[in-house]
Amino acid sequence: MSDRLDMTVMYATHNKLRRELTHITRATARFDSDPRYVLRVGADWEVFRRALSAHQSAEDDALWPPLRRALAGNPFDLARLEAMEAEHAAIASLVGAVNGALTAPGIELDLFGELTESLLSGLVGHLDHEENSVFPLVQSALDADLWEHFRQVHAVRVGPYAPQLLPWLLDGADERTVSFVLASFPAPARQAYERRWRPSCTALDGPHAPSVVPARPEPS
């Protein structure tokens, strides 16, 4: 049975975040150079931060509030939303700490490694928790209009960085997801993606190694 609300973009975003965390972890685990330098000069860290911020702020502003109203009177389900908000705050703090450590003088590499490992485990755990506990609530409690509003807010948050974030999101995604996401954009944006955005990002970043963090299957 298919989902009532199409969450392809949500799963695609989560799966890309998982893949990118693996790239970040590999970069910071290198022994031949300062991992802070490797992360600081790479384009992916900044794109990762922007994508994560856009995604989580859209959830905080346009998904959790209507879902909370829809779940009024269900204390156990509301507790799940409170956990999502707490996890968002913790992840934002870790991202800020890692970002600050990139240029902090004298920080020990062991501490930097601990911060990046905490970000990896915290974010992967959060994504799993959200998909297992909250996605079913969205499917059962949110109506189509509220879901569409969230999708629009999410698109607006991503919009200013679309030339970087769209190729980033679709890198490594399956063909169905690529087709679905691109179909939601107007023709000029699809042409820009094919002719400028994707070639530019491919030339800048080069191919990534295969991910070791397993992606969740996107709904069919």
Side-chain angles (χ1 to χ4, degrees), residues 10-60 82-134 157-158 160-173 197-216:
M10 290 286 279
Y11 280 102
T13 301
H14 281 199
N15 286 338
K16 179 58 181 179
L17 290 170
R18 289 184 177 100
R19 293 194 297 272
E20 203 61 34
L21 283 168
T22 298
H23 305 147
I24 290 170
T25 302
R26 286 175 173 167
T28 57
R30 290 176 53 175
F31 295 102
D32 58 342
S33 60
D34 185 337
R36 296 176 304 160
Y37 175 79
V38 174
L39 196 57
R40 186 169 64 245
V41 301
D44 281 356
W45 171 247
E46 285 304 314
V47 177
F48 169 82
R49 286 206 306 141
R50 288 173 180 171
L52 181 61
S53 176
H55 177 66
Q56 293 196 329
S57 69
E59 288 181 330
D60 289 339
E82 292 176 2
M84 291 297 103
E85 293 173 333
E87 289 171 13
H88 276 196
I91 290 164
S93 179
L94 284 168
V95 170
V98 171
N99 197 60
L102 293 178
T103 56
I107 186 172
E108 295 182 358
L109 295 185
D110 285 347
L111 174 57
F112 183 71
E114 180 182 335
L115 291 172
T116 56
E117 179 59 33
S118 295
L119 176 60
L120 171 67
S121 59
L123 183 51
V124 169
H126 166 71
L127 298 174
D128 291 347
H129 187 192
E130 184 176 319
E131 290 172 3
N132 292 330
S133 296
V134 178
R157 300 291 167 88
V158 169
Y161 309 108
Q164 295 82 38
L165 294 190
L166 187 57
W168 176 89
L169 173 65
L170 298 181
D171 176 38
W197 300 350
R198 184 176 64 171
S200 176
C201 288
T202 300
L204 177 64
D205 295 335
H208 281 310
S211 173
V212 297
V213 175
R216 288 299 185 90

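Starting from 1, each residue takes its place in the sequence as its number. The structure presented is a predicted model; accordingly, all values stated were derived computationally and were not measured.
- Remark: M84 CE to D60 CG distance equals 11.0 Å, nearest 0.5 Å.
- Between the side chains of W45 and N99, at least one donor-acceptor pair of N or O atoms lies under 3.5 Å.
- No donor-acceptor distance shorter than 3.5 angstrom exists from the side chain of S93 to the backbone of A89, with no hydrogens or angles considered.
- Rounding to the nearest 0.5 Å places CZ of R19 at 12.5 Å from NE2 of H14.
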Side chain to side chain contact (heavy atoms under 4.5 Å, CB included) between I24 and L120, worked out: CA-CA 9 Å; I24 290 170; L120 171 67; over 6 Å; no
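- M10 places a side-chain heavy atom less than 4.5 Å from the side chain of E130.
- Side-chain atoms of S121 come within 3.5 Å of backbone atoms of E117 as a donor-acceptor pair (strictly under, hydrogens ignored).
- Judged purely by distance below 3.5 Å, without hydrogens or angles, the side chains of E20 and W168 pair a donor atom with an acceptor atom.
- Among all heavy-atom pairs drawn from A162 and P167, the shortest one is O-CD, 3.6 Å.
- Taking 4.5 Å as the limit, every side-chain heavy atom of H23 sits out of range of all side-chain heavy atoms of F48.
- Each ring-ring contact (aromatic ring centres under 6.0 Å, His included) pair with one or both residues in residues 86-119, not counting sequence neighbours, appears once here: W64-H88, H88-H126.
- Using a distance-only test at 3.5 Å, with no hydrogens or angles considered, no donor-acceptor pair links the side chain of R157 to the main chain of A51.
- A 4.5 Å side-chain heavy-atom check between V95 and I91 finds at least one atom pair inside the cut-off.
- I107 places a side-chain heavy atom less than 4.5 Å from the side chain of R36.
- Minimum interatomic distance between V158 and A54 (heavy atoms only, all atoms of both residues): CG2-CB, 4.1 Å.
- A101 approaches L115 most closely through the heavy-atom pair CB-CD1, 4.3 Å.
- Contacts of S133 classified as side chain to side chain donor-acceptor pair (under 3.5 Å), with partners at least two apart in sequence or in another chain: none.
- Looking at L169 and T13, their side chains come closer than 4.5 Å, going by heavy atoms from C-beta outward.
- Between L21 and V124, the shortest heavy-atom distance links the atoms CD1-CG2, 3.7 Å.
- In this structure, Q164 and E46 have side chains that are not in contact, with every pair of non-hydrogen atoms separated by 4.5 Å or more.
- Within the 4.5 Å cutoff, side-chain heavy atoms of L123 are placed close to those of L52.
- The pair R49-D44 fails the salt-bridge criterion, with no side-chain N (NZ, NE, NH1 or NH2) lying under 4.0 Å from an Asp/Glu carboxylate O.
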